[in-house]
Amino acid sequence: MFPIDIQFSLPFTYNFDRALARLAGDPINSVDLEGRLVRIPMEEGNILNLQGMGTADQPSFVLKNAVDELQIEAVKSIFHFDKPLDGIGAHFADTDLGPIFMEHEGTPLVRSFSLYGELMKSIIHQQLNLSFANTLLMRFVESYGDKIDGVWRYPSPERIALLDVSELRDMQFSTRKAEYMIGLSQAIANGTLDLEKFRQLDDDEVTAELVSYRGVGPWTAQGFLMFGLGRPNLFPLADVGLQNALKKVWGMDRKPTRDEMLVRFPAWSPYLSYAALYLWRSIE
DNA sequence: TGCCAGGAATTGC
DNA sequence: GCAATTCATGGC
């Protein structure tokens, strides 16, 4: 097996440093901001290195240790190297979100490295402040996942399916969260819930199936679609962070109502996910 | 100190 | 149906 190393550039604006900055917000990721490097645990077991070499205006990259061409395409898809950002920035230029798209220009929507991990992470993040949620996430991964060559990998759903609620309770998970995570893991482990299948379904179909599981509501389904599957047009109305970001952008003394946010959807579509992404960046 | 946190299920009317 | 309550605990 000879690992493949390649170098490539993009024909559009792409700020890799901003992509890395956001990835670094998740403590499970192995990100070296100074070295402009991220190490990606692949499903096949190897760890792939992606390093930024160019500028935001003329982005280029070095990708190392891919086992085949399919992995190269997978990484390009995860980082949305195939999705030009210039048109999206232009779409928001004359909207109320123009200033934050200027401020964070070239920030891509990078997908999670693991669909299952994204789902577990979303459950953990429900209702908790980011700091404590990250603490719980690291306890989860350190207890049941693997660290290979310095890179953390989420546990398998099969492993979590066998846990008792009390084991997660001991790590300060709520009983409900523990039940949600174990229940979903059991559904995945026994084949009832097929996350990979979701890649071929549309947003509504994925949402309908996901929310039928205990512990998954609209917010979690929307987050999974955005960051798990990289879908471009979702905006989690229930998200307190987005509400606070809009409060700030709109100069309000209270959080906006659901309807006040909804009336902006036509102007933001079909890139609602990017509106959400840049709003989150604006308060991070 | 008391309210809030990148929600969702459950209960009560 | 829909609003209020509960869950758990750290952060500020």
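Since the structure is predicted, the reported quantities are computational estimates derived from the model, not experimental observations. Letters A, B, ... mirror the listed sequences (proteins, then strands); counts begin at 1. Hydrogens, waters and symmetry mates are skipped; everything else that's a heavy atom, side chains included, is used.
- Using a 4.0 Å heavy-atom cutoff across all strands shown, A/Thr175 reaches sugar-phosphate atoms only and no base atom.
- When hydrophobic side chains of Ile, Leu, Val, Met, Phe, Trp and Tyr are connected at separations under 4.5 Å, A/Leu37 ends up as a singleton with no cluster partners.
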(message) For a quick check, with a 4.0 angstrom heavy-atom cut-off, what is the B/S/- contact string for nucleotides 2-10 of chain B, read 5' to 3'?
(response) ---BBBBSS
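- Looking at A/Asp203 and A/Arg231, a side-chain N of the basic residue comes within less than 4.0 Å of a carboxylate O on the acidic one, giving a salt bridge.
- Using a 4.0 Å cut-off between charged side-chain N and carboxylate O, A/Glu105 and A/Arg18 make no salt bridge.
- Using a 4.0 Å cut-off on heavy atoms, none of the residues of residues 97-122 of chain A approach DNA chain B.
- Classification of A/Arg199 and A/Glu196 as a salt-bridged pair holds, one side-chain N sitting under 4.0 Å from a carboxylate O.
- Taking atom P in both C/dA4 and B/dG6, one finds a spacing of 23 Å when rounded to whole Å.
- Atom C1' of B/dG2 sits at a distance of 16 Å from the matching atom of C/dA8, rounded to the whole Å.
- Between A/Glu209 and A/Lys197 there is a salt bridge, since a side-chain N of the basic residue sits under 4.0 Å from a carboxylate O of the acidic one.
- Note that the first and last nucleotides of DNA chain C, 5' to 3', having any atom under 4.0 angstrom from a heavy atom of chain A are C/dT6 to C/dG11.
- Between C/dC7 and B/dC3, the distance separating the two C1' atoms is 16 Å to the nearest Å.
- For the pair A/Arg169 and A/Asp164, the salt-bridge criterion is not met [side-chain N within less than 4.0 Å of a carboxylate O].
- Classification of A/Glu179 and A/Arg176 as a salt-bridged pair fails, no side-chain N sitting under 4.0 Å from a carboxylate O.
- Side-chain contact check for A/Thr107 and A/Tyr274: no donor-acceptor pair (N or O, by modelled atom type) lies under 3.5 Å.
- Within the structure, no pair that satisfies the ring-ring contact (aromatic ring centres under 6.0 Å, His included) test touches residues 170-192 of chain A, not counting sequence neighbours.
- Take A/Gln58 and apply the side chain to side chain contact (heavy atoms under 4.5 Å, CB included) test, not counting sequence neighbours, and it matches A/Thr55.
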